[in-house]
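Here is how names work: the chains are called A, B, and so on, in the same order as the sequence lines, proteins then strands, and each is numbered from 1.
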Amino acid sequence: MSSKITAPRGTQDLIPPHSAQWQALEQRIHALARRFGYGEVRTPLFEATELFVRGVGETTDIVEKEMYTFRDKGDRSMTLRPEWTAPVVRALLEHQLLAQGPQRLYYIGPIFRYERPQKGRYRQSHQFGVECTGYREPEADVEVISLAWELVRSYGISDAALKINSIGDAQCRPRYREALLEHFRPNVSQLSPEAQQRVERNPLRLLDSKEERDAPFVASAPRFEEFLCEPCREHFTALKADLDMLEIPYAVDPRIVRGLDYYTRTVFEITSNALGAQSAVCGGGRYDDLIASLGGPDVPAVGFALGMERFLMIVEAAGSEKPSARSGVQAIALGAQARATLLPIVAELRRLAEVPAFMDYEERKLLAHLKIADRNGARFALIVGEQELAAGEAVLRDLESRTDRHVPLGSPRVVAAALVETGL
RNA sequence: GUGAUUGUAGCUCAGUUGGUUAGAGCGUCGGUCUGUGGAUCCGAAGGCCGCGGGUUCGAGUCCCGUCAGUCACCCCA
């Protein structure tokens, strides 16, 4: 059976062939970010615990119960990165980058949260995200949203939906909060137990309730749009106009409130119903006060985070993945002398060709070797046995068309070059 | 942290009201085919029945605990 030691709960090994999908996604992300003019930022896997407590919010679930926190040998409290925004802002401040004007950064890598795993939720997961600092204008929101949407579009995912909302700023949010409390407080006893807790703790989240008995109260609740202050309203209106202009389909969803403390004005999500209970694959928004609250200058910012595990689940559900074509060459040596002949040729091929060169070193029958070539997905088989050695030419078999061709044996470099020349 | 559910071969799963040597398919390896592939047929290897305790003459099967997977709640990517 399996060995006693297994991967820690909520983590997983990434092995072929699945790892190839990850490589493809990562490559696409790097190319996409590049086209938008974003540079990559990499931060440590762990940070001072204090950074997340201050950056994410003391009363958030992340800080209250989901952090992987430990003490190092210097008795410092450290925490495995549970999200990227706080570390990126920390790096921005540490290297004084904000003094140089607007910054466009993207990141890609693991985050850690101590949670019970379920579909689309793991203790180690991976996020791609961007942070755009220095712009208060809604064009920056649109830039960030369109970057995320472009990734979804490039995979041809049809069941993804973009939802946007505005949750106001320090001016108008307290007013809306009050209005919500006035609306719910008189009916508190009729709400679900979960909702009752939210009334005092986080009234905005009441709008997000899944309980049927809360639905009528949620439906009749005041909408944030009516309470937005004038600057916030203008920002939101301009954002919607810009999205229309770029032909990015969206829906305004007043129930999108986001879980982290630091958002202001624009919030958005990209959801898919391929994900089970966790429908959000991407979430983000504007956080104009976060940088200042971490001790930096008063610089606005907007960004998003996209869950890569969830994204690949959507990609898979969309079923747009094509079966990978045969590629590469399987070197088949029959006998010790043939092996000695082929080995340097394979080595040369690995220097010259873009496609994989496979070789099996056991003494097998030709039939068995060809089966291995099939399993490897090789396009060609390069066969050398006693006959070929005697004749001075190898057999190159096209495993797709089932046709043979002869190639003269010579110095490994010349043979490999000839093979590459004729197109492997 | 709470709840539901599932742990039997590398993978997917059978396994009778508890009954003695533990089953299939796929995969792997070999043969069929002394040098031309995804097929067919034949054969082989591969199991502390998640782990620990209990009940019983006897436990893969029943009970308790524990660990792990899955899904959901809370919350989020």
Q: Provide the Watson-Crick or G-U wobble partner of rU56(B), both distances under 3.5 Å; none if there is no partner.
A: none
(Q) Taking rG50(B) as the reference, what is the distance to rU16(B) when you measure between their P atoms (whole Å, please)? (A) 14 Å
Q: Check if the side chain of Arg375(A) and the base of rG37(B) share a donor-acceptor pair of N or O atoms closer than 3.5 Å.
A: no
Q) Could you give the NZ-to-C1' distance, from Lys119(A) to rU70(B), as a whole number of Å? A) 10 Å
Q. So what does Glu115(A) hit on the nucleic acid, given a heavy-atom distance under 4.0 Å: a base, only sugar-phosphate, or nothing?
A. base
Q: Rounded to whole angstrom, note down the P distance from rG54(B) over to rC48(B).
A: 22 Å
Q) Can you tell which of rC33(B), rG35(B), rA77(B) lies closest to the side chain of Leu367(A)? A) rC33(B)
Q) For atom C1', what is the distance between rU40(B) and rG47(B), given to the nearest Å? A) 29 Å
Q. Tell me: CG of Leu275(A) to P of rA72(B), nearest whole Å?
A. 10 Å
Q) Picking from rA77(B), rG37(B), rC75(B), which would you name as closest to the side chain of Glu66(A)? A) rC75(B)
Q. Under 3.5 Å, is there an N or O donor on one side and an acceptor on the other linking the side chain of Glu400(A) and the base of rG37(B)?
A. no
Q. If you look at every strand shown and take non-hydrogen atoms under 4.0 Å, does Gly129(A) touch a base, only sugar-phosphate, or nothing?
A. nothing
(Q) I'd like the P distance from rU12(B) over to rG69(B), given in whole Å. (A) 15 Å
Q.
I'd like the C1' distance from rC42(B) over to rU21(B), given in whole Å.
A. 24 Å
Q.
Less than 4.5 Å apart, side chain to side chain, heavy atoms only: is that true for Leu343(A) and Tyr361(A)?
A. yes
**Q.** Side chain proximity check, Arg9(A) to Pro117(A), heavy atoms < 4.5 angstrom
**A.** yes
Q.
Taking only the C1' atom of each, what is the distance from rA77(B) to rC63(B) in whole angstrom?
A. 42 Å
Q: Tell me which of Arg9(A) and Lys65(A) sits closer to the 5' end of RNA chain B, going by the nucleotide each one is nearest to.
A: Arg9(A)
Q: Using a cut-off of strictly less than 4.0 Å, decide whether Gln118(A) has a side-chain nitrogen or oxygen near OP1 or OP2 of rC73(B).
A: yes
Q.
In this structure, how many angstroms lie between the P atom of rA77(B) and the NE2 atom of His126(A), rounded?
A. 17 Å
Q: Verify salt bridge (Lys or Arg N to Asp or Glu O under 4.0 Å) between Glu40(A) and Arg42(A), making sure each step is shown before the conclusion.
A: CA-CA 7 Å; Glu40(A) 185 180 9; Arg42(A) 302 188 190 192; 3.0 Å; yes
Q) Roughly, in whole Å, what's the span from CD in Glu362(A) to P in rU28(B)? A) 14 Å
Q | Between P of rC76(B) and CE of Met308(A), the distance in whole Å | A | 22 Å
Q: For the pair Arg104(A) and Glu143(A), find out whether any cationic side-chain nitrogen is under 4.0 Å from an anionic carboxylate oxygen.
A: yes
**Q.** Base paired to rU5(B) (Watson-Crick or G-U; both N/O distances under 3.5 angstrom)
**A.** rG69(B)
Q.
Any strand counts, and the cut-off is 3.5 Å on both contacts for Watson-Crick or G-U wobble. Which nucleotide pairs with rA44(B)?
A. rU28(B)
Q. What nucleotide among rG37(B), rU70(B), rG30(B) has an atom nearest to a side-chain atom of Pro117(A)?
A. rU70(B)
Q: Evaluate the criterion ring-ring contact (aromatic ring centres under 6.0 Å, His included) for residue pair Phe304(A) and Phe128(A); output intermediate values, then yes/no.
A: CA-CA 8 Å; Phe304(A) 70 76; Phe128(A) 155 56; 5.6 Å; yes
Q) Over how many whole Å does the gap from Gln124(A) atom CD to rA77(B) atom C1' extend? A) 14 Å
(Q) Which is more 5' along RNA chain B, the nucleotide nearest Ser279(A) or the one nearest Asp374(A)? Just name the residue. (A) Asp374(A)
(Q) Tell me if the aromatic rings of Tyr38(A) and Tyr106(A) count as close, with their centers under 6.0 Å from one another. (A) no
**Q.** Over all atoms of both residues, closest heavy-atom pair of Asp288(A) and Ala301(A)
**A.** OD1-N, 3.4 Å
**Q.** Distance in angstrom units between Asp13(A) CG and rC11(B) C1', rounded
**A.** 16 Å
Q: Indicate, with a heavy-atom threshold strictly under 4.0 Å, whether Ala280(A) touches base, sugar-phosphate, or nothing.
A: sugar-phosphate
Q: Tell me what Asn376(A) touches on the nucleic acid: a base, only sugar-phosphate, or nothing, going by heavy atoms under 4.0 Å.
A: nothing
Q) Crowded around Arg350(A) CZ? As in, over 12 foreign heavy atoms under 6.0 Å? A) yes
(Q) Applying a 4.0 Å non-hydrogen cut-off, can you work out what Ile383(A) is touching in the nucleic acid: base, sugar-phosphate, or nothing? (A) base
Q.
Work out how far the P atom of rA39(B) is from that of rG25(B), and round it to whole angstrom.
A. 15 Å
Q) When all nucleic acid strands are considered with a 4.0 Å heavy-atom cut-off, which category describes Gly10(A): base, sugar-phosphate, or nothing? A) sugar-phosphate
(Q) Measure OH/Tyr68(A) against P/rG1(B) and give the value in whole Å, please. (A) 11 Å
Q. Which part of the nucleic acid does Glu386(A) contact within heavy-atom distance under 4.0 Å: base, sugar-phosphate only, or nothing?
A. base
Q: Rounded to whole angstrom, note down the P distance from rU8(B) over to rU2(B).
A: 25 Å
Q.
Which nucleotide wins on minimum distance to the side chain of Lys365(A), given the candidates rG35(B), rG37(B), rG31(B)?
A. rG31(B)
Q: Examine the base of rA72(B) for any acceptor or donor lying under 3.5 Å from a partner atom in the side chain of Arg116(A), and report the outcome as yes or no.
A: no
